[in-house]
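Beneath this line is the structure, given in structure tokens, with notes to follow.
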Amino acid sequence: MSKGTALIVGVGPGLGLTLAEAFARDGHPVALFGRDAERLEKHAAELTGQGFTAGAYQADAGNPEDLRTALGRAVDDFGAPEVLVYNAAVLQPDPPTGVDAESWARTLAVNVTGALVATQTVLPLLRDGRGSLLFTGGGFALEPSPEYTTLSVGKAALRAYVQALHASTVTVAGAIGGEDPRFAPDVLAAAYLDLHHQPKDQWQAELVYG
């Protein structure tokens with residue numbers, strides 16, 4: 001039996017692309033979402049060149065209508081989803097009293113509201129009503145950083161939302177792609193796949209990866 005589509009929101013050259021590659025190797029058609037259309041098309045072409053089914057969909061995760069439309073197009077193209085990975089985030093240094101209201105709202109729109117929009121769009125479309133909703137969390141949700149205030153608040157809010165949703169978050173408590181091999185993108189992507197493959201009675205609300 002063929003597998004349902006994997007929707008990867010927030011695809012860049014690091015973890016997002018590696019997640020797309022991992023789910024493609026697992027047998028899923030993959031849809032890549034991000035703001036840089038040229039880069040997305042390149043990544044999708046690389047995957048299709050390897051024999052996988054992949055497509056690129058430009059979307060701003062902080063724009064609800066933009067994200068809904070792009071997700072709908074991908075489902076129309078590749079069929080019902082089996083996996084949603086919400087990996088979009090804005091990483092910017094900002095102290096608690098040094099961020100303006102507009103930047104605050106714009107950042108939270110990507111870090112939190114986009115997760116809500118993606119969930120509301122994808123959940124009714126899941127193949128046979130079943131699948132995995134996986135969200136990239138961060139260690140700042142557990143230990144906020146005064147140097148990255150909006151990211152800390154966003155990851156804390158995302159963690160609360162995902163737990164209320166009864167879905168799964170991967171709380172990455174370290175620098176992705178840094179010197180520690182535990183945080184290599186391919187190692188992390190394998191953890192997402194493991195969560196997707198877990199039997200229902202072994203489901204985890206949160207994988208703290210540190």
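No donor-acceptor pair under 3.5 Å is formed between the side chain of T69 and the backbone N or O of D66. In this structure a side-chain-to-backbone donor-acceptor pair under 3.5 Å is present from T149 to D94. Judged purely by atom type and a 3.5 angstrom limit, K155 uses its side chain to pair as donor or acceptor with the backbone of T136. Side-chain atoms of T5 come within 3.5 Å of backbone atoms of F78 as a donor-acceptor pair (strictly under, hydrogens ignored). In this structure, the side chain of S152 engages the main chain of S145 through a donor-acceptor pair within 3.5 Å. In terms of modelled atom types and a separation under 3.5 Å, the side chain of T169 and the main chain of F135 share a donor-acceptor contact. Formation of a donor-acceptor pair under 3.5 Å by the Q198 side chain with backbone atoms of D194 is not found in this model.
Around atom NE2 of H197, more than 12 heavy atoms belonging to other residues, nucleotides or ligands sit under 6.0 Å away. Taking a 6.0 Å sphere around CD of E147, one finds it holds 12 or fewer heavy atoms contributed by other residues, nucleotides or ligands. Around the CZ atom of R68, the shell of radius 6.0 Å holds more than 12 heavy atoms that belong to other residues, nucleotides or ligands.
For the pair N111/L151, a side-chain contact is recorded, criterion being any heavy-atom separation below 4.5 Å from C-beta on. R159 is listed as a side-chain neighbour of L142, based on a closest heavy-atom distance under 4.5 Å. Annotation: side chain of L15 is in contact with side chain of Y192 (closest heavy-atom distance under 4.5 Å). A 4.5 Å side-chain heavy-atom check between L193 and F23 finds at least one atom pair inside the cut-off. The shortest side-chain heavy-atom distance between T150 and V90 does not fall under the 4.5 Å cut-off. L71 is not listed as a side-chain neighbour of L125, based on a closest heavy-atom distance of 4.5 Å or more. Looking at heavy atoms from C-beta onward, P144 lies out of side-chain contact with V153 at the 4.5 angstrom threshold. By the 4.5 Å heavy-atom criterion applied to side chains, L133 and L123 are counted as neighbours.
By the criterion of side-chain heavy atoms lying less than 4.5 angstrom apart, applied directly or through intervening Ile, Leu, Val, Met, Phe, Trp or Tyr residues, V30 is grouped together with V11 in one hydrophobic cluster. Cluster annotation: V162 and V208 are assigned to distinct hydrophobic clusters (Ile/Leu/Val/Met/Phe/Trp/Tyr, side-chain heavy-atom contacts under 4.5 Å, transitive). A continuous path of Ile, Leu, Val, Met, Phe, Trp and Tyr side chains, each step under 4.5 Å between heavy atoms, connects V83 with F52, placing both in one hydrophobic cluster. Cluster annotation: V85 is not connected to V9 through the hydrophobic network of ILVMFWY side chains, with a link wherever side-chain heavy atoms come within less than 4.5 Å. The hydrophobic cluster containing L165 also contains L158, counting ILVMFWY residues as joined when their side-chain heavy atoms lie under 4.5 angstrom apart, directly or transitively.
Donor-acceptor pairing under 3.5 Å is lacking for the side chains of Y86 and T119. Remark: the W203 side chain and the S168 side chain contain an N/O donor-acceptor pair separated by less than 3.5 Å.
Atom CG of residue N87 and atom OG1 of residue T18 lie 9.5 Å apart, to the nearest 0.5 angstrom. Here the CG atom belonging to L195 is positioned 11.5 Å from the CD atom belonging to Q202, to the nearest 0.5 angstrom. From E38, atom CD reaches atom CD of Q58 across 11.0 Å, with rounding to the nearest 0.5 Å. Interatomic distance, Y57 OH to L40 CG, rounded to the nearest 0.5 Å: 11.0 Å. Of the inter-residue distances, the one linking Y209 atom OH with I176 atom CD1 reads 10.5 Å to the nearest 0.5 angstrom. We find the CD1-CG distance between I8 and L84 to be 8.0 Å, quoted to the nearest 0.5 Å.
Every salt bridge (charged side-chain N to carboxylate O under 4.0 Å, His left out) that R182 has, sequence neighbours left out, goes to D180.
When every heavy atom of P124 is checked against every heavy atom of T121, the shortest pair comes out as CD-O, 3.5 Å.
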task: Tell me, with the steps shown, if D26 and H196 meet side chain to side chain donor-acceptor pair (under 3.5 Å).
output: CA-CA 11 Å; D26 196 51; H196 174 56; 5.0 Å; no
